[in-house]
Amino acid sequence: MLKHVYINKLSQHVGEEVTLKGWLYNKRASGKLKFLILRDGSGYCQCVVFKGNVSEEVFELSGSFSQESSFQVTGKVKEEARSVGGYELDVTDLKIISSAEEYPITPKDHGIEFLIDHRHLWLRSKRQVAIMKIRHRIVKAIRDFFDSRDFTLMDPPIITPNACEGTSTLFEMDYFDLGKAYLTQSGQLYGEAGAMALGKIYTFGPTFRAEKSKTRRHLTEFWMIEPEMAFYELEDNMDLAEEFLEYVVQSVLKDKQEELEVLGRDTSKLECVKRPFPRVSYDEAVEILKKNGVDFEWGNDFGGGDETIISNEFDRPVMVHRYPSAIKAFYMKRDPERDEVALAVDVLAPEGYGEIIGGSQREDNMDLLLERIKEHDLPQDFFEWYLDLRRYGSVPHSGFGLGLERLITWICGIEHIREAIPFPRMIYRNTP
RNA sequence: UCCACGAUAGCUCAAUCGGUAGAGCAUGCGGCUGUUAACCGCAGGGUCGUAGGUUCGAGUCCUACUCGUGGAGCCA
């Protein structure tokens, strides 16, 4: 057998005879000519079997196996403009590795229920492969961004004894003799401990929300990135968030054009994602809503529709800061010049994709933090370790949380968050 | 939890006013030397989500239930 090469490296082997290994994506035949589309995870290649070029057995074999059968094929690589990917294999030999049973996902349309039931197979389709490759590129950009700025990756626990923010519904479990425990809703409080130890950290891990949310923006299990920085105030936090988003989006644009094209993404919308991002206060955002005819009362949180109206005013992500403290978490520091608003910031993605980042400067004053814990009716004993961060050398600090799948959904320009994660966990679905 | 919509062949869907269950894809066989979700011909493939009801007659109308989809609230 000749050297096994991958489809995305075919350009280096033009004129050579090579062996490809993969799965049958689609096939067409025309008399003495057969076209087999092979996919190998790195790309797609049309393999042409001409009756005159192969043995009788190989010619018969090449038409006999079904979609998604695995096989290896040997032939000469040539440039071919008519062919997908620009290269083609003139087949001289072919061997079936495993003949597939009748494959459920055909090249025609399918409903979402059927596709998600077959998620393990759906991942093989061109569109899903493109999304997963972009997901990987985004994850790499996120890590590169923080790593190159001297952040330390610090993994928070997944099992926690209490609700982080005291509001969400959590997945509950029995934890031996210690009573109830919960799957984490956020690694943030632990991130703060990390920032006091390491200066600048980021967490990157799974997060769980048991709310019975049933929309295209929700998963019960998703991945969250939470940087936390000692000595950062709200403005520093916003500077970092916009630099971060610009870097991630531009990295994907630079390296994943082909995949974005498969998804039909309008990349001009992504080209706009450059600093500076618009920054509007909550007050100003409320004015935008009123200008657009929304009957909105100061003090409420924005709904999905409100976020869309606000983000439609801009061509790039918009940072909304200084929300009413009453609707924000207990640990957020209040504006010293205006107690009714918190030093919080949400980043709203363009095109109606909604909130992708939520962050704030944290309350660093021991007495005020204790007051907030009592106001929110939270069990103080669970937070003693967190209060220690204020007892022992408290400093101004800030951070934000980024929902990975929401970021992917926006960058890919896809309709529903379930396609942004390999195996989505949703309120009425936990299989496959 | 609430609101709306849906369930017919392996898949995607159609079936007029309540009157014999249809098509494309997929599968099998045959044809074609440049196909791009190939095309052409033939064939097989149905407990119309479940349980009741109305009717001479129900895929179609009514009731309940099950499952699913979209949205609201809540959130990243």
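Per chain, numbering begins at 1; letters A, B, ... match sequence-line order. All heavy atoms count here, side chains included; hydrogens, waters and symmetry mates do not.
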[X] side chain, from C-beta outward: closest of [options]:
{"X": "A:His110", "options": "B:rG70, B:rU33, B:rC11", "answer": "B:rC11"}
{"X": "A:Glu113", "options": "B:rG10, B:rC75, B:rG68", "answer": "B:rG68"}
{"X": "A:Glu102", "options": "B:rC67, B:rU35, B:rA26", "answer": "B:rA26"}
{"X": "A:Phe50", "options": "B:rA76, B:rU33, B:rU12", "answer": "B:rU33"}
{"X": "A:Lys212", "options": "B:rU12, B:rG34, B:rU1", "answer": "B:rU1"}

Is there a side-chain polar atom (N or O) of [X] under 4.0 Å from OP1 or OP2 of [N]?
{"X": "A:Arg28", "N": "B:rU35", "answer": "no"}
{"X": "A:Asn26", "N": "B:rA38", "answer": "yes"}
{"X": "A:His416", "N": "B:rG70", "answer": "yes"}
{"X": "A:Arg82", "N": "B:rU33", "answer": "no"}

Interatomic distance, [X] [atom1] vs [N] [atom2] [rounded to whole Å]:
{"X": "A:Phe302", "N": "B:rC74", "atom1": "CZ", "atom2": "P", "answer": "13 Å"}
{"X": "A:Glu101", "N": "B:rA26", "atom1": "CD", "atom2": "C1'", "answer": "15 Å"}
{"X": "A:Lys51", "N": "B:rG31", "atom1": "NZ", "atom2": "C1'", "answer": "12 Å"}
{"X": "A:Lys214", "N": "B:rC75", "atom1": "NZ", "atom2": "P", "answer": "19 Å"}
{"X": "A:Ile356", "N": "B:rA76", "atom1": "CD1", "atom2": "P", "answer": "13 Å"}
{"X": "A:Met426", "N": "B:rA76", "atom1": "CE", "atom2": "C1'", "answer": "16 Å"}
{"X": "A:Asp109", "N": "B:rC13", "atom1": "CG", "atom2": "P", "answer": "8 Å"}
{"X": "A:Leu24", "N": "B:rU27", "atom1": "CG", "atom2": "P", "answer": "10 Å"}

Over 60° means perpendicular and under 30° means parallel, so classify the ring planes of A:Phe244 and A:Phe145, tilted if in between.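 A:Phe145 vs A:Phe244 ring planes: perpendicular.
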Run the salt-bridge test on A:Asp346 and A:Lys328 with the 4.0 Å N-O cut-off and return the result as yes or no.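 Result for this pair is yes, salt bridge flagged.
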Check: A:Phe296 ring centre within less than 6.0 Å of A:Phe302 ring centre: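 When the ring centroids of A:Phe296 and A:Phe302 are compared, they turn out to be within the sub-6.0 Å range.
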Verify the ring-centre separation between A:Tyr190 and A:Trp385: is it less than 6.0 angstrom?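 Aromatic pair counts; centres sit under 6.0 Å.
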Closest-nucleotide 5' rank along RNA chain B - winner of A:Gln67 and A:Arg429: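 Nearer the 5' end of the strand: A:Gln67.
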Closest-nucleotide mapping onto RNA chain B: is A:Gly304 or A:Thr220 further toward the 5' terminus? I mean the 5' end.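 The 5'-side residue here is A:Gly304.
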A:Lys200 NZ/CZ over A:Phe146 ring centroid, <6.0 Å and within 45° of normal: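 No - A:Lys200 does not lie over the ring of A:Phe146 by the 6.0 Å and 45° rule.
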Aro-ring/base stack A:Phe222-B:rA76, d under 5.5 Å, angle under 30°: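 Answer is yes, a stack.
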CZ/A:Arg362 to CD/A:Gln188 distance, rounded to the nearest 0.5 angstrom?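 Spacing of CZ (A:Arg362) from CD (A:Gln188) equals 3.5 Å.
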Spell out yes or no: do the side chain of A:Gln46 and the base of B:rU36 have one donor N/O and one acceptor N/O closer than 3.5 Å?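 Looking at the base of B:rU36, it does not pair with any donor or acceptor on the side chain of A:Gln46 (distance under 3.5 Å).
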